[in-house]
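Here's the structure we're looking at; comments come further down.
Every chain is numbered from 1, with letters handed out A, B, ... down the list of sequences. Note that the structure is predicted; figures quoted are calculated from it, not measured.
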Amino acid sequence: KDKYKDKEHKHKDHKKDKEREKSKHGNRYCVGASRLFINTCFWRSLFSIDTTWLITAMKSLDGKVKKEKENGFASPPYVKSEPEEDFYHSPKHEKSLKRERDDDYDSEFKPKKIKTENDKKAKKRKQDNEDIKSKKTKNKKGEVADGKKKAKKEPEEKWKWWEEERYTDGVKWRFLEHKGPVFAPPYEPLPSNVKFYYDGKHMKLSPEAEEVATFFAKMLDHEYTTKDIFRKNFFKDWRKEMTSEEKGKITDLKKCNFTEMSEYFKAQSEARKAMTKEDKLKIKEENERILQEYGFCIMDNHRERIANFRIEPPGLFRGRGDHPKMGMLKRRIRPQDIIVNCSKDSKYPEPPPGTKWKEVRHDNKVTWLVSWTENIQGSIKYIMLNPSSRIKGEKDWQKYETARRLKKCVDRIRAQYREDWKSKEMRIRQRAVALYFIDKLALRAGNEKEEGETADTVGCCSLRVEHIKLYPENDGQEYVVEFDFLGKDSIRYYNKVPVEKRVFKNLQLFMENKEPDDDLFDRLNTSILNKHLQELMDGLTAKVFRTYNASITLQQQLKELTNSEENIPAKILSYNRANRAVAILCNHQRAPPKTFEKSMQNLQTKIDAKRDQLSDAKRELKSAKADAKVRKDEKSKKAVETKKKAVQRIEEQLMKLEVQATDREENKQIALGTSKLNYLDPPGHDCTKINGAFPLRRSTTKPNVRSLLGPSTWQTKTLNFKSQFVVLTMIHVFLLDTCFFLA
DNA sequence: TCGCTCACTTAGTATTGTGGGA
DNA sequence: TCCCACAATACTAAGTGAGCGA
């Protein structure tokens with residue numbers, strides 16, 4: 001992508017005319033389309049999906065890409081144009097995914113020749129490594145810019161790790177070298193004119209106490225600081241940082257005045273925004289330098305991007321939902337807290353002068369480069385590689401392979417759990433009903449959680465009696481179960497679903513003689529469930545159902561919503577709709593954007609203005625018609641035609657704006673990103689880019705929509721729109737509103 | 001079997017970058 | 001040229017599940 005951007009800049013430098021701008025947009029379109037093509041092929045291979053239409057369309061667009069390349073404006077080199085059928089080099093059997101490489105793992109971790117690799121590949125690896133090392137040496141000599149320029153001029157070939165064999169026996173790498181983490185900048189005391197007041201009087205704080213106070217001041221406008229738990233936890237931890245004198249004086253948070261601090265940070269933020277272009281550029285260059293130095297590692301002869309090379313800065317913990325620990329002080333991480341993981345024979349990262357690492361480890365059975373233990377929950381945090389890396393890509397691939405295997409035996413598993421609903425044993429019935437929910441509703445497994453340590457959220461196995469309601473009859477449907485609970489990230493899951501009679505009866509049984517806060521599935525946990533799933537299929541866990549159902553929902557929706565006769569935008573629209581169905585299935589929600597109300601208001605103003613314009617245009621048309629009737633000449637006839645066209649144009653513009661408003665309103669609470677990234681998009685995460693190229697987003701997030709599209713993949717009902725783009729949208733909006741009204 | 005740790009994936013929010021319309 | 005909206009990216013919290021030892 002960087003290379004692509006680079007070309008884009010060059011392009012702008014040399015050809016600024018409109019013609020070229022047009023070609024740029026065309027190319028963006030093609031790049032997105034090309035990626036869509038790749039993913040489409042993957043889907044075809046994954047679930048035998050019928051996407052011939054898409055492939056044909058993308059093929060034509062790929063041709064366009066090639067033409068654009070001649071203009072010196074090519075798509076990124078990693079966009080492959082592979083044969084459709086087996087583009088993904090997907091092995092025929094799962095076994096072949098695993099490399100049969102000799103496991104002669106040497107304790108020295110030297111990047112030496114790997115036996116099972118063919119000589120060509122091995123040579124290439126060796127060459128790569130030498131290249132990287134020589135580049136590094138150059139960098140040290142201060143020739144960074146040259147190196148970069150060279151890299152830009154000669155686009156490197158994308159490493160096709162998926163064509164290589166994989167490690168076995170849990171070995172993740174043989175050689176790993178990196179520069180360690182980037183620490184948060186040290187605290188800079190506030191200028192003397194920025195004061196803190198306690199009980200109306202100015203008070204100079206010690207640097208330690210002042211730093212923690214600034215964390216609170218920075219969040220003053222946030223809802224968090226109004227929450228009792230947040231304030232209580234913050235105050236408790238803040239007092240720990242105070243001197244005994246400060247502790248004696250500051251006893252009530254309500255009497256603390258952080259306003260000047262808060263104003264100071266706001267002013268700083270404004271100043272940053274108002275910086276000159278030159279200053280902004282300087283900062284950008286410095287960030288780029290840090291990225292080049294710390295943002296990459298060498299893993300098995302390849303330079304790989306690190307995802308999060310910066311250590312989390314100190315601050316106040318922002319737990320989600322009603323988190324009992326929100327507001328607690330997240331302390332500053334120092335080098336002595338850091339465990340570094342790298343090869344024995346690599347150049348170890350240097351700790352900052354005068355400090356030491358906690359430990360330097362050489363564990364090649366894990367993927368992390370750096371780890372530390374955070375102080376809020378005592379959990380371990382990691383620095384790992386970017387999703388584009390080989391190590392993450394392979395894992396992602398494996399995930400879809402497992403989902404593909406599930407497809408082959410899902411019918412048998414479903415038949416089995418249906419049979420188990422009748423079991424004499426309560427534990428088996430509970431297991432079967434839970435699995436039914438996981439499969440039908442894509443619920444998460446629901447591990448047990450330590451009470452009081454985190455927000456009270458649940459998944460399937462940890463559902464409590466209070467989380468469901470049973471209706472023998474509801475809205476004309478039989479055996480309805482109403483779910484209402486907080487899931488991951490305290491996102492509310494609300495759904496009313498008709499279930500099979502046996503499930504309903506079983507649920508009644510499970511709830512008998514129980515209190516609302518008792519476990520619904522008291523004889524089940526995730527460990528028991530996963531053990532059972534493991535017996536049904538190797539590698540099967542509750543999580544796989546979510547991947548599988550999300551994936552197959554996309555497939556079904558694509559199939560049902562698309563029409564080979566339609567134009568590309570309409571097809572892309574269908575693609576986005578299919579994605580929305582998945583987001584709804586997986587309950588991916590978001591908080592409405594902060595600027596939502598304002599942007600809706602702006603849009604409404606535009607609509608109002610357009611309406612006024614329309615009535616003016618209609619009035620003018622009427623008078624032109626009257627004029628033409630009297631004059632009966634060509635000129636006045638022409639005038640009528642012109643006015644007619646103007647009315648038509650304004651009407652179209654108005655409709656577009658109205659559709660946009662509805663669209664935005666519906667998109668208020670839905671989050672499409674997660675499903676595209678983690679469930680729908682095989683290695684490469686390219687689908688998200690398509691959305692970028694085609695910002696055609698229709699959304700459906702209201703509870704009624706869930707029932708419209710259907711919560712289950714294998715029971716999903718879909719809307720079959722066949723008209724053109726605008727009409728499609730209008731019908732869609734109308735139907736949704738009607739359903740919402742009826743609901 | 002259970003409790004626990006560790007390693008990883010999945011998730012929503014915040015921030016930054018970018019393109020298009022006024 | 002500026003501003004707005006939205007996409008992309010960064011950040012980090014919150015899940016899942018394997019594996020280990022008592």
Side-chain angles (χ1 to χ4, degrees), chain A residues 1 5 8 21 24-25 28 170 172 222 269 272-273 280 283-284 287 291 295 307-313 315 317-321 323 325-326 330 341 363 365-368 371 373-374 376-382 384-387 391-392 395-396 398-399 444-450 453-455 457-459 461-462 487-491 525-531 533-534 539-544 546-547 550 583 586-596 598-600 602-603 606 660 664 667 669 671-675 677-679 685 688-695 697:
Chain A
K1 194 179 170 213
K5 270 187 189 165
E8 193 173 12
E21 282 298 311
K24 183 183 81 177
H25 299 306
R28 287 186 67 226
K172 303 284 167 51
H222 204 287
S269 163
R272 262 198 304 277
K273 279 180 202 163
K280 280 183 183 171
I283 293 173
K284 208 176 169 184
N287 284 338
L291 173 73
N308 54 327
F309 57 89
R310 289 172 200 272
I311 298 282
E312 293 173 21
F317 177 70
R318 302 180 179 206
R320 293 170 192 160
H323 201 294
K325 292 188 173 179
M326 65 165 76
K330 242 177 75 169
N341 194 29
D363 183 356
K365 299 263 170 103
V366 295
T367 63
W368 54 267
S371 78
T373 305
E374 55 93 26
I376 305 289
Q377 333 236 37
S379 65
I380 306 166
K381 299 264 185 166
Y382 301 96
M384 290 181 188
L385 294 192
N386 195 280
I391 220 157
K392 293 286 182 191
K395 255 306 185 57
D396 213 30
Q398 206 171 28
K399 178 178 82 183
R444 293 188 187 85
N447 279 328
E448 283 158 76
K449 294 168 75 183
E450 218 172 312
E453 291 292 303
T454 55
T457 61
V458 295
C461 294
S462 50
K488 184 179 177 178
D489 294 320
S490 293
I491 298 291
N525 60 36
T526 51
S527 172
I528 296 171
L529 180 67
N530 282 337
K531 220 170 208 179
L533 293 175
Q534 193 67 39
L540 184 61
T541 64
K543 199 158 88 77
V544 180
R546 211 166 142 86
T547 311
C586 295
N587 199 40
H588 291 145
Q589 295 182 36
R590 63 166 183 171
K594 276 179 196 166
T595 53
F596 184 80
K598 200 185 151 203
S599 90
M600 283 305 284
N602 289 348
L603 197 55
K606 275 187 193 172
Q660 204 181 338
R664 202 173 289 172
N667 218 24
Q669 280 181 297
L672 295 178
T674 304
S675 54
L677 208 61
N678 298 311
Y679 296 111
H685 303 308
T688 39
K689 306 290 189 294
I690 291 165
N691 202 32
F694 297 94
R697 304 196 298 154

TODO: Please round to 10 degrees the angle between the axis of the first five pairs and the axis of the last five pairs in the helix from B:dT1-C:dA22 to B:dA22-C:dT1.
DONE: 0°
Task: Phosphate-side-chain proximity, A:R444 and B:dA11, N/O vs OP1/OP2 below 4.0 Å - done: yes
TODO: Check whether any side-chain nitrogen or oxygen of A:K273 sits under 4.0 Å from OP1 or OP2 of B:dT16, and answer yes or no.
DONE: no
- [ ] From the options B:dC8, C:dG15, C:dG17, select the nucleotide whose nearest atom is closest to the side chain of A:Y382.
- [x] B:dC8
- [ ] Check whether any side-chain N or O of A:K488 sits under 3.5 Å from a backbone N or O of A:T457 as a donor-acceptor pair, and report yes or no.
- [x] no
Task: Check against side chain to side chain contact (heavy atoms under 4.5 Å, CB included), A:T454 and A:Q377 - done: CA-CA 9 Å; A:T454 55; A:Q377 333 236 37; 3.9 Å; yes
Within the sub-3.5 Å range, which N or O atoms of nucleotides 20-22 of chain C have a protein N or O partner, and how far apart are they?
none

- [ ] For A:L677 and C:dA7, give me the distance from atom CG to atom P, rounded to whole Å.
- [x] 15 Å
TODO: Output yes when at least one side-chain N/O atom of A:K543 is less than 4.0 Å from OP1 or OP2 of B:dT10, else no.
DONE: yes
TODO: Select one nucleotide: of C:dT16, C:dA18, B:dA14, the one nearest the side-chain heavy atoms of A:T541.
DONE: C:dA18
Task: Whole angstrom value for the distance that separates P of B:dT10 from CG of A:N447 - done: 14 Å
Open item on the list: Taking any heavy-atom pair under 4.0 Å as a contact, classify A:K172: base, sugar-phosphate, or nothing.
Closed with: sugar-phosphate
TODO: Grab the two heavy atoms, one from A:C586 and one from A:A550, that are nearest each other, plus how far apart they are.
DONE: SG-CB, 4.0 Å
Open item on the list: Nearest to the A:A542 side chain among C:dG17, B:dC8, C:dG15, which nucleotide is it?
Closed with: C:dG17
TODO: Determine whether A:E312 and A:E374 make a side-chain contact, defined as any pair of heavy atoms from C-beta on separated by less than 4.5 Å.
DONE: no
- [ ] May I have the distance from A:Q589 (atom CD) to B:dT13 (atom P), rounded to whole angstrom?
- [x] 10 Å
Open item on the list: Taking the nucleotide of DNA chain B with the nearest heavy atom to each, does A:E448 or A:K365 sit closer to the 5' end?
Closed with: A:E448
TODO: Decide yes or no for A:N287 and A:L291: does some side-chain heavy atom of the first lie under 4.5 Å from some side-chain heavy atom of the second?
DONE: no
TODO: Grab the CD1-C1' distance between A:I528 and C:dG17 for me, whole Å please.
DONE: 15 Å
Open item on the list: Considering every strand and a 4.0 Å limit on heavy-atom distances, what is the contact class for A:G446: base, sugar-phosphate, or nothing?
Closed with: sugar-phosphate
Task: Under-4.0 Å side-chain N/O to phosphate OP1/OP2 contact, A:T674 with B:dG12 - done: yes
TODO: Could you tell me whether A:K280 atom NZ has more than 12 heavy atoms of other residues or ligands within 6.0 Å of it?
DONE: yes
Open item on the list: Using whole Å, what does the distance between atom C1' of nucleotide B:dT13 and atom CD1 of A:I491 come to?
Closed with: 10 Å
- [ ] Give the rounded distance in Å between these two atoms: CG of A:N386 and C1' of B:dC8.
- [x] 16 Å
Task: Side chains of A:K392 and A:N386 in contact at under 4.5 Å (non-hydrogen atoms) - done: no
TODO: Could you tell me whether the side chain of A:N525 and the main chain of A:N447 form a donor-acceptor pair under 3.5 Å?
DONE: no
Open item on the list: Heavy-atom count check: over 12 atoms from other residues, nucleotides or ligands less than 6.0 Å from A:Q534 CD?
Closed with: yes
Task: Nearest to side-chain heavy atoms of A:H588, which nucleotide of C:dT16, B:dG12, B:dC8 - done: B:dG12
Please list each protein N or O that sits under 3.5 Å from an N or O in nucleotides 11-14 of chain C, with the distance.
| from | atom 1 | to | atom 2 | distance (Å) |
| --- | --- | --- | --- | --- |
| C:dA13 | OP1 | A:K330 | NZ | 3.2 |
| C:dA13 | OP2 | A:K381 | NZ | 2.4 |
| C:dA14 | OP1 | A:R320 | N | 2.6 |
| C:dA14 | OP2 | A:H323 | NE2 | 3.3 |
| C:dA14 | OP2 | A:Q377 | NE2 | 3.4 |
| C:dA14 | O4' | A:D489 | OD1 | 3.3 |

Open item on the list: What is the separation between atom NZ on A:K284 and atom C1' on C:dT9, rounded to the nearest whole Å?
Closed with: 13 Å
- [ ] Considering non-hydrogen atoms only, spot the tightest contact between A:D363 and A:V366 and give its length.
- [x] O-CG2, 3.4 Å
Open item on the list: Whether A:N530 contacts C:dG17 is assessed here as follows: a side-chain N or O lying under 4.0 Å from the phosphate OP1 or OP2. Is that the case?
Closed with: yes
Task: Contact check, side chains of A:L385 and A:T367, non-hydrogen atoms, under 4.5 Å - done: no
Task: Close side-chain approach of A:F317 and A:H323, heavy atoms under 4.5 Å - done: yes
Open item on the list: By nearest heavy atom, map A:T367 and A:R272 onto DNA chain B; which one lands nearer the 5' end?
Closed with: A:T367
Task: Between C:dA18 (P) and A:Q534 (CD): distance, integer Å - done: 6 Å
Open item on the list: Can you classify the ring geometry of A:W368 versus A:Y382 as parallel (below 30°), tilted (30 to 60°) or perpendicular (above 60°)?
Closed with: tilted
